[in-house]
Structures are given as structure tokens and as C-alpha cells.
Amino acid sequence: MSKTSQQNTTADASGVSVIHTQAHSSGLQQVPQLVPVSPGGGGKAVPPSKQGKKNSFVDRNSDEYRQRRERNNMAVKKSRLKSKQKAQDTLQRVNQLKEENERLEAKIKLLTKELSVLKDLFLEHAHNFADNVQPVGTETTTTNPENSGQ
């Protein structure tokens, strides 16, 4: 199979050229490529949905314009309220976490004091126990006269 292709370049009014490629031997579908006409790259490419709206005149007195502005204003208000509510919720959560942190730190202090007291009691008890225990080799045995006759 030979892979010969042919390219046609056309430019439209927006300054974008379209390269059409035709492959003779391949059965693939061809997709046009958009490239800037000027070698430096030029400006931004404009999506097709915005191309017609850019140059059209907007009648600010029309009902359609007023309805779009009202919908947009309501959407902006809703967005700002949502953002404000989110900030308030975050602040409330921060305050809750601060209170919980203070409560937990107080509990840590209390438990640390309790541990210290219990450790002191244990050491005192262990010291007293060690003083009362005699070494293994110095034990004295007492004989019971009742058991000696057996």
C-alpha cells in the first residue's frame, strides 16, 4: 500500500487556517486541524459558539437582554450567598475544633497528673515491699512442736 497524502490549506476571516489532509490509500476519516495564519501564532482561537456573538450588536432595551441580565444577577447573588455560607460554615467548624482541642488538652493535663500520682504511689509501694522482703538465704524457719512427732 502506498501512503500518499495531499494537503489543502484555507484561511477564514478570523485569522485561522484549516489544513485539510486527504490520504489516498487509508480508510481513516480525516479531521481538519486549526492552525494560526500568522507565523508568530497571533491571538487566541475563538470557539465557534462565541464567534457570531462577538460582533453582534446587543440591544440593551430588549426583553431578551433584560431577562438574561436578571438571570445572571440572580445567579451571581446565589453564588455569593453560597460562598458566604461556606465561609461561615468553615469558621464555625474551626471554632468547634478549637474548643475540642482545648478540651482534649485539659484532659491530657488531668491524665498526666493522675499518671504521676499513680506512679508515685506504685514506686512507694514497691519500695516498701522491697524493704519488707528478706533476702532468700537469710530466712529463718520456725518449727512447730506439734508436727515434730510425726
Spacing of [X] atom [atom1] and [Y] atom [atom2] [to the nearest 0.5 Å]:
| X | Y | atom1 | atom2 | result |
| --- | --- | --- | --- | --- |
| Asn101 | Lys98 | CG | NZ | 10.0 Å |
| Leu115 | Asp120 | CG | CG | 9.5 Å |
| Asn72 | Met74 | CG | CE | 10.5 Å |
| Thr112 | Ile108 | OG1 | CD1 | 7.0 Å |
| Leu104 | Lys109 | CG | NZ | 13.0 Å |
| Glu105 | Glu102 | CD | CD | 7.5 Å |

Using the side-chain contact (heavy atoms from CB on, under 4.5 Å) definition, which of the options Arg71, Arg66, Gln67 pairs with Arg69?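 Result for side-chain contact (heavy atoms from CB on, under 4.5 Å) with Arg69: Arg66.
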Donor-acceptor pair, distance only, cut-off 3.5 Å: does the side chain of Thr90 make one with the backbone of Lys86? yes
Can you tell me if Ser83 uses its side chain to pair, donor with acceptor, with the backbone of Ser79 under 3.5 Å? no
Verdict with reasoning, Asn73 to Glu70, per side chain to side chain contact (heavy atoms under 4.5 Å, CB included): CA-CA 5 Å; Asn73 290 341; Glu70 280 185 41; 5.6 Å; no
Hey, does Gln85 have a side-chain heavy atom less than 4.5 Å from the side chain of Asp89? yes
Verdict with supporting geometry, Asn128 and Glu124, side chain to side chain contact (heavy atoms under 4.5 Å, CB included): CA-CA 6 Å; Asn128 289 338; Glu124 184 180 330; 4.0 Å; yes
Just do the side chain to side chain contact (heavy atoms under 4.5 Å, CB included) check on Lys113 and Val117 with the steps written out, would you? CA-CA 6 Å; Lys113 286 181 183 178; Val117 168; 5.6 Å; no
Walk me through whether Lys84 and Gln88 qualify under side chain to side chain contact (heavy atoms under 4.5 Å, CB included). CA-CA 6 Å; Lys84 191 175 183 180; Gln88 287 176 347; 4.2 Å; yes
